[in-house]
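As structure tokens, the structure follows; a few thoughts come after it.
So that the names make sense, note that chain A is the first sequence line, chain B the second, and so on, each numbered from 1. These numbers come from a predicted model, not from an experiment. Computed from heavy atoms alone, side chains included, the values below leave out hydrogens, waters and symmetry copies.
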Number of protein chains: 2
Amino acid sequence: MSHDDAHPVSLQCGDCPIRHRAVCARCESSELDELEGAKYYRSFEAGQTVIWSGDKMDFVASVVSGIATLTQTLEDGRTQMVGLLLPSDFVGRPGRDRAAYNVTATTDILMCCFRRKPFEEMMERTPHIAQRLLQMTLDELDAAREWMLLLGRKTAREKIASLLSIVARRDASIRHRKMRGRLSFDLPLTREAMADYLGLTLETVSRQMSALKRDGVIELEGKRHVTVPDMDRLLIEAGDDSDGGLIA
Amino acid sequence: MSHDDAHPVSLQCGDCPIRHRAVCARCESSELDELEGAKYYRSFEAGQTVIWSGDKMDFVASVVSGIATLTQTLEDGRTQMVGLLLPSDFVGRPGRDRAAYNVTATTDILMCCFRRKPFEEMMERTPHIAQRLLQMTLDELDAAREWMLLLGRKTAREKIASLLSIVARRDASIRHRKMRGRLSFDLPLTREAMADYLGLTLETVSRQMSALKRDGVIELEGKRHVTVPDMDRLLIEAGDDSDGGLIA
DNA sequence: CGTAAAGTTGATATTATTCAACGGAAGTGG
DNA sequence: CCACTTCCGTTGAATAATATCAACTTTACG
């Protein structure tokens with residue numbers, strides 16, 4: 001079905017780049033040892049489908065590196081992205097054996113996997129895992145609700161500005177930079193993926209990107225590299241609270 | 001601030017109508033005894049605000065009866081409903097001391113409350129509560145993502161049909177009826193609340209309700225009582241998968 | 001090069017919003 | 001009991017926003 005696992009990977013949990021943020025974040029060393037023994041890695045190339053909605057899903061996983069998307073579709077092909085999976089994010093649901101969404105690798109990705117049944121048993125025995133998963137799920141629920149506001153009530157221009165703010169924020173957080181003044185980052189999404197995220201057509205995305213560029217809110221080098229001369233200006237364009245914040 | 005608690009209520013957990021669905025669903029009788037001792041009831045009248053986004057929130061609660069809404073707003077007043085709280089649904093987030101959303105009573109409601117700190121401590125000790133809360137949160141996340149598809153990609157007519165299907169489904173489930181053939185139910189929302197839920201204006205909601213009525217998809221008695229002569233027809237109008245399903 | 005994929009832009013069509021007028025039901029006070 | 005008001009809902013006409021269809025450009029890549 002796919003050429004994942006072409007390059008088997010081995011990584012000690014102690015050295016794992018997502019050790020402190022993933023579902024295992026709260027585990028103690030003895031708990032980590034058990035996970036260490038059960039885990040296995042899978043990798044997918046950019047563009048590959050990890051799983052189709054409705055398919056049997058006998059594993060759960062954490063994204064170690066790279067970006068994947070969760071999408072839902074209507075019968076006639078209209079599609080809506082419902083989540084963006086970044087390193088440390090969790091895929092799959094304990095207690096459910098079929099995927100509820102399509103999962104697609106946007107860049108090359110590496111995932112740390114566990115067979116579902118053993119993971120579920122481990123969760124029963126290990127409150128630290130369940131606690132962390134609850135916390136992560138609550139965060140995702142907040143993010144989903146924030147996105148509902150965007151989808152239901154923001155204009156196309158505000159939607160684009162919001163997406164750019166979020167990508168900028170994530171990038172600043174990874175590189176330990178402040179969210180002020182001049183910032184630049186790569187946009188890991190095609191115009192079509194942006195459209196699917198924002199509930200727009202790709203033409204509208206393109207037009208609004210051009211408009212933001214024309215108005216000096218952003219600068220573009222090539223298609224994917226964005227520079228924001230004034231972050232506050234972008235946040236205002238996004239229409240969020242003046243504190244620039246997601247959840248209050 | 002409000003005239004809640006005008007009629008103090010007392011209810012044994014064993015007799016509680018949401019006993020088997022709420023956050024306490026998995027608790028054993030000894031655990032229930034502990035909850036019994038810590039709980040208190042609050043009631044709100046239709047239209048009252050339970051809590052404002054950003055306010056200090058020192059309790060968590062389950063909705064026992066009635067309906068409440070979770071909404072988010074933009075500075076200029078645009079508002080989006082991000083959740084509908086039905087009996088057994090949980091309000092508040094362990095580990096967070098400020099409300100992230102506005103909570104408003106749509107009908108008169110009764111809530112079973114716990115002070116937040118004691119509840120958090122109880123959760124640490126009682127995996128049954130944490131497990132159930134995780135399950136409920138995952139369900140809410142699925143519902144939120146289903147709603148994202150609606151907000152981002154459905155037409156106004158499909159949005160209305162989807163909302164009616166969901167209310168019909170809930171009503172059928174409560175009254176133990178099948179989702180087939182002729183069905184009728186009360187709509188617990190004003191046109192404005194429907195609009196806030198669906199990311200539309202109230203005029204568009206009104207027009208589409210009229211259109212569905214004109215086309216024979218629904219019948220209306222008064223403004224709030226809806227009869228669906230053919231449920232399958234409504235599901236087709238909603239644009240969901242032919243199996244009529246939410247999550248696959 | 002030549003081709004495919006991604007992106008841009010223009011013209012036009014469609015959809016939903018906005019602004020405005022109006023109708024009916026429920027509640028209030030004389 | 002009747003005017004009066006308010007809230008909720010409906011409908012129409014004009015407008016604005018976004019989608020659709022289509023042509024064309026740029027970039028990446030064999």
Side-chain angles (χ1 to χ4, degrees), chain A residues 45-48 69 74 76-80 104 106-108 150-164 186-215 218-226 237 239, chain B residues 45-48 74 76-80 104 106-107 150-164 186-215 218-226 237 239:
Chain A
E45 291 172 20
Q48 279 190 316
T69 61
L74 259 13
D76 61 6
R78 281 175 285 177
T79 103
Q80 175 65 49
T104 310
T106 290
T107 64
D108 291 353
L150 175 145
L151 290 171
R153 293 304 187 193
K154 287 189 178 180
T155 64
R157 185 182 176 98
E158 289 169 334
K159 285 177 175 181
I160 299 284
S162 299
L163 176 59
L164 294 175
D186 285 314
L187 201 51
L189 303 171
T190 64
R191 297 289 186 263
E192 187 180 21
M194 292 172 70
D196 286 344
Y197 208 165
L198 300 171
L200 299 170
T201 60
L202 64 89
E203 293 95 330
T204 299
V205 170
S206 184
R207 276 185 243 279
Q208 296 298 335
M209 288 289 285
S210 300
L212 289 174
K213 180 177 159 189
R214 169 171 46 71
D215 298 343
I218 59 173
E219 295 158 18
L220 291 174
E221 295 166 58
K223 308 304 177 186
R224 299 290 190 86
H225 194 80
V226 180
E237 292 284 357
Chain B
E45 290 172 19
Q48 279 189 315
L74 259 12
D76 61 5
R78 282 175 283 178
T79 104
Q80 174 66 48
T104 311
T106 290
T107 63
L150 175 145
L151 290 172
R153 294 303 188 193
K154 287 189 177 178
T155 64
R157 185 182 175 100
E158 289 169 337
K159 286 177 175 182
I160 299 285
S162 299
L163 177 59
L164 295 175
D186 284 315
L187 202 50
L189 304 169
T190 64
R191 297 288 186 262
E192 187 180 22
M194 292 172 69
D196 285 344
Y197 207 167
L198 299 171
L200 298 170
T201 59
L202 65 90
E203 293 95 331
T204 299
V205 169
S206 184
R207 275 185 244 279
Q208 296 297 335
M209 288 289 287
S210 300
L212 289 173
K213 180 177 160 191
R214 170 172 46 70
D215 298 345
I218 59 173
E219 293 158 19
L220 291 175
E221 294 166 60
K223 309 303 180 187
R224 300 291 190 86
H225 195 81
V226 180
E237 293 283 356

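The CZ-P distance, from A:R214 to C:dT9, rounds to 10 Å in whole Å. Here the P atom of nucleotide C:dT17 and the CZ atom of B:R78 are 12 Å apart, to the nearest Å. Between the CD1 atom of B:I160 and the P atom of C:dT15 there is a distance of 16 Å, given to the nearest Å. Spacing between atom CG of B:L220 and atom C1' of D:dC8 amounts to 14 Å, rounded to whole angstrom units. When rounded to the nearest whole Å, the span between CG of B:L189 and P of D:dC8 equals 13 Å. Here the P atom of nucleotide D:dT18 and the CG atom of A:D196 are 17 Å apart, to the nearest Å. Atom NZ in A:K159 sits roughly 14 Å away from atom P in D:dA17 (whole-Å rounding). Rounded to whole angstrom, the span from the CG atom of A:L150 across to the P atom of D:dT18 amounts to 12 Å.
Considering only side-chain N and O atoms, A:S210 lies under 4.0 angstrom from the phosphate OP1 or OP2 of C:dT9. An OP1 or OP2 oxygen of D:dC8 is reached within less than 4.0 angstrom by no side-chain nitrogen or oxygen of B:R224.
Here OG of A:S206 is found 12.0 Å from CG of A:L200. Values are rounded to the nearest 0.5 Å. In this structure, B:E158 CD and B:Q208 CD are separated by 10.0 Å, a value rounded to the nearest 0.5 Å. We find the CD-CG distance between A:E221 and A:D186 to be 9.5 Å, quoted to the nearest 0.5 Å. To the nearest 0.5 Å, atom CG of residue A:L163 and atom CE of residue A:M194 are 5.0 Å apart. The distance from atom CD of B:Q80 to atom CG of B:D196, rounded to the nearest 0.5 Å, is 7.0 Å. The distance from atom CG of B:L189 to atom CD of B:E192, rounded to the nearest 0.5 Å, is 11.5 Å.
Contact check of residues 198-209 of chain B against DNA chain D (heavy atom, cut-off under 4.0 Å) returns B:L202, B:E203, B:S206, B:R207.
At distances below 3.5 Å, at least one donor-acceptor pair connects side-chain atoms of B:R78 with backbone N or O atoms of A:R153. Without hydrogens or angle criteria, B:E219 side chain to B:V226 main chain gives no donor-acceptor distance under 3.5 Å. Using modelled atom types, one side-chain atom of A:D108 and one backbone atom of A:A46 make a donor-acceptor pair closer than 3.5 Å.
Toward the 5′ end of DNA chain C lies the nearest nucleotide of A:K223, the other residue of the pair A:R153 and A:K223 mapping further downstream.
Nearest to the side chain of B:R191, among D:dG9, C:dA16, D:dT27, sits D:dG9.
Comparing the helix axis at one end of the helix from C:dC1-D:dG30 to C:dC22-D:dG9 with that at the other, each defined from 5 consecutive pairs, gives an inter-axis angle of 40° (nearest 10°).
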